[in-house]
Amino acid sequence: MKIKKASNSKMIKAINEKSILNLIYMEGPIPRVKLAEKTGLSQQTITNIVNRLLSERIVLETSGVSNGGGRKPIPLIINGRNMYAIGIEIAVKYIRGTLMDFENNIITESIEQVPIYRDEEQPLKYIFRVVERLLEFVPNREALKGIGCSIQGIVDSENGIVVYAAGVRLNNFPLKEKIQEHFGYPVYLQNDANLLAIVENLNGTLASSRQNITLKFDYGIGGAAVVNKQLVHGADNVAFEFGHYKAFMGKEAYPCHCGSKGCLTTLASLSGLKRNEGYLLEEFSLGVREKNKQALQLFGKLESAISYAIANVITLLNPDHVLLTGQIIDTLTDELVPLLEQHVRELIPESCKKVKLIQLSKTPDESKLAVGLVMHEFFAVPIDQYYL
Ligand SMILES: [Zn+2]
């Protein structure tokens with residue numbers, strides 16, 4: 001992969017540095033000569049960039065291995081213990097924060113229970129409190145590389161705006177700007193399903209996949225699509241809101257908080273089950289297991305709606321993997337997942353049948369995923385824009 005020539009030298013410099021950093025992160029320990037080989041940059045450019053990264057203590061030299069009496073190439077690694085990130089999960093009932101270093105060690109955690117959000121300033125108050133507590137454990141200001149936030153809701157991550165998060169009572173709220181102004185660190189905001197997709201694609205279950213879909217059945221329903229290893233954003237940065245896929249018609253088309261009706265989330269999510277059918281997830285799953293007639297009927301309806309929705313999306317996007325996650329999948333794994341697998345396969349065209357349906361063993365802690373968001377942004381090279 002060679003770097004494209006461009007007239008803007010400042011931009012190229014920044015991209016080159018990111019490329020080097022990314023390579024050391026992904027493939028380190030790696031010597032300078034390999035960095036030159038892999039990027040197509042000159043030895044001198046590599047030396048300049050590496051010297052800068054060494055002086056800022058972002059990378060470290062490790063002891064080299066002798067290659068038969070010649071000069072030892074000195075491998076470089078990321079100085080993960082010297083860099084920190086904060087991850088914040090903004091949930092309906094709590095704000096959870098985790099401080100980690102770049103070697104994935106948890107330094108400390110903090111949680112604020114939230115009985116109810118009364119206005120849009122209230123989530124901020126709790127977030128500030130959690131971040132302040134975590135900051136006490138950061139050794140120096142330069143060590144913290146950013147604050148990542150995960151939120152269940154419609155998020156314009158590009159501009160850091162929570163477009164709509166029903167449970168947290170945020171509506172067109174510039175959350176990134178507010179947190180950034182208060183603490184002075186870079187802040188990254190992402191919808192929970194997109195975040196999960198980013199982290200799983202980076203170094204998780206989707207690392208080897210290039211085209212995939214992540215679907216999260218939880219308090220609401222979230223979705224994320226990755227095409228050619230890039231998250232699909234859409235014109236307004238709100239692409240793939242799978243919860244608002246139109247799935248129910250007629251008298252089953254309950255109104256949705258998005259303003260429409262019949263959306264998948266009005267029944268196939270924790271909030272939908274409760275609001276429109278009066279079920280808590282535990283009651284519902286118990287009813288299904290005990291073969292309660294009413295619960296089974298509803299289960300059949302949900303399973304069918306989800307199967308059709310997944311099959312249609314597979315038909316349109318031709319992914320190699322579909323990742324299923326969220327509390328509904330965790331709780332009803334044995335009952336739901338084999339049926340989804342069978343019905344989706346019956347519904348999709350022969351040409352898409354190589355697709356694999358996979359699930360996470362357990363829905364991960366989002367505050368830790370949000371730490372991954374900071375790391376991802378710190379090391380990311382915007383490949384689609386700058387590489388040939
Ligand atoms: Zn909707």
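Atoms within each ligand, like the ligands themselves, are counted from 1 in listed order. We count residues from 1, following the sequence as given.
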Looking at F379 versus F102, is the centre-to-centre ring distance below 6.0 Å?
yes

Within less than 2.8 Å, report the number of protein N/O/S atoms around the Zn ion (ligand 1).
4

On the six-membered ring of Y185, is R141 placed so that its NZ or CZ lies under 6.0 angstrom from the centre and within 45° of the ring axis?
yes

Between H182 and F128, how do the two ring planes meet: parallel, tilted or perpendicular, split at 30° and 60°?
parallel

Strictly by modelled atom types, are N191 and Q152 linked by a side-chain donor-acceptor pair under 3.5 Å?
no

For residues Y164 and H257, establish whether the separation of their ring centroids is below 6.0 Å.
yes

Do Y254 and E277 have side chains that get closer than 4.5 Å, going by heavy atoms?
yes

